[in-house]
Amino acid sequence: MRQAAVRAHTNIALIKYWGKRDEEYFLPMNSSLSLTLNELYTDTCVTFDETLEADLFYLNGKQQSEQETVKISRFLDLFRKEANLSVRARVESINHVPTAAGLASSASAFAALAGAANLATGLQLDDQTLSMFARQGSGSATRSIYGGFVEWNKGTSPTDSYAIPVDDADWDIGMVIVAVNRSAKKVSSRVGMKQTVETSPFYPSWVETAETDLQAIKEAIKERDFQTMGEIAEHSAMKMHGSMLGANPPIMYFEPNSIQAIQCVNRLREQGVLCYVTMDAGPNVKVLCRLSQAKQIKEELSKYFNEEQLLVTGPGEGIRELTKEEVTAYGWKRS
Ligand code: DP6
């Protein structure tokens with residue numbers, strides 16, 4: 001029996017990944033850049049156990065359906081193949097996402113699973129290879145291997161599309177997350193991006209400008225030019241949503257409360273507070289800001305949203321193995 005447990009934080013893209021050029025290997029149409037977040041993470045324990053006849057998957061203590069377990073099994077197969085193993089595994093995951101936030105993320109889920117499977121199989125893959133393995137669970141997981149600002153280079157083939165750390169983001173960077181709606185997404189990112197690629201006349205310009213934006217934001221990060229970084233990030237998010245609106249049928253993730261949050265951010269900016277919005281494949285709004293001003297921004301947003309809907313976070317770290325104490329506290333200690 002071989003067991004390992006790993007923590008991975010989620011990330012929010014500032015230059016979005018939207019569209020695959022290869023669905024089997026999760027190769028993206030464009031490179032992307034994200035910020036790893038401290039307050040949102042997944043802890044996952046993988047136990048390879050000779051007595052098991054099938055893989056088992058528990059999320060937040062609850063055994064998951066066959067449909068969910070199959071996704072985990074396929075992902076573990078990548079590691080089993082590499083390690084020449086056939087033994088089945090028990091996978092136990094705890095999502096640390098504040099209740100009611102509706103922010104569970106495939107990024108932290110697959111990065112944590114990749115990290116734990118790597119240790120439990122004894123493969124000892126380096127972070128770069130691990131990032132490529134995580135990619136094949138979910139594209140955004142490619143970036144969650146690392147902390148701070150992270151770039152995912154689209155690469156040219158399945159073996160050179162991986163993430164690299166860009167900057168530790170340790171210069172007064174934060175995010176206020178506005179959980180507008182906690183119900184499940186209407187259109188998953190997987191389906192939404194495919195539909196956009198196939199039908200939106202705006203999609204080619206999305207891909208073209210994403211590359212220019214990526215270079216520009218990397219320069220801004222290097223210069224620690226927060227304003228330019230925020231402006232590029234907000235523009236990138238809106239261009240992505242613009243490309244979705246051009247899909248047929250159109251994809252729209254905005255809800256009335258998303259607009260309310262965006263308008264609140266615009267007002268704050270008029271008052272001289274530097275803050276910028278970004279949105280993903282759902283109605284939640286994420287406000288990129290100075291961590292030192294996050295409290296003030298949260299206060300303004302709390303005129304429209306309740307305490308449970310607002311979360312302040314700073315930059316998070318890359319994946320790490322959980323300590324013995326942490327594993328014991330979850331009750332996972334079995335081998
Ligand atoms: C809008 O990584 O969830 O959040 O690769 O199909 O699993 P799959 O998609 P996923 O897509 C993320 C899309 C996004 C932008 C981003 O995180 O870059």
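Counting convention: from 1, in listed order, for ligands and their atoms alike. All values below were derived from every heavy atom in this structure, side-chain atoms included, with hydrogens, water molecules and symmetry-related copies excluded.
- Side-chain N/O atoms of Thr159 and Ser157 include a donor and acceptor closer than 3.5 Å.
- Of the N or O atoms in Trp18, none lie within a sub-3.5 Å distance of an N or O in ligand 1.
- Residues Asp43 and Ser93 are not in side-chain contact: their nearest non-hydrogen atoms beyond the backbone lie 4.5 Å or more apart.
- With 3.5 Å as the limit, one finds a donor-acceptor pair spanning the side chains of Trp18 and Thr196.
- Side chains of Tyr146 and Thr36 form no contact here, defined as non-hydrogen atoms less than 4.5 Å apart.
- Atom numbering of ligand 1 starts at 1 in the shown order; those under 4.0 Å from a heavy atom of Arg190 are 6 (O), 7 (O), 8 (P).
- Two residues are said to be in side-chain contact when any heavy atoms from C-beta on lie closer than 4.5 Å; Phe149 and Leu14 meet this criterion.
- By the criterion of a heavy-atom distance under 4.0 Å, neither the backbone nor the side chain of His241 is placed next to ligand 1.
- Heavy atoms of Ser32 found under 4.0 angstrom from ligand 1: none, in either backbone or side chain.
- No N or O atom of Met193 sits closer than 3.5 Å to an N or O atom of ligand 1.
- In the hydrophobic cluster analysis, where Ile, Leu, Val, Met, Phe, Trp and Tyr join through side-chain heavy atoms closer than 4.5 angstrom, Leu119 is grouped apart from Tyr41.
- Counting heavy atoms under 4.0 Å from ligand 1, residue Ser140 touches it through both backbone and side chain.
- Heavy atoms of Ser106 come nearer than 4.0 angstrom to ligand 1 in at least one pair.
- Residue-to-ligand polar distances keep Asn11 apart from ligand 1: every N/O pair is separated by 3.5 Å or more.
- Heavy-atom separations between Arg135 and ligand 1 are all 4.0 Å or longer.
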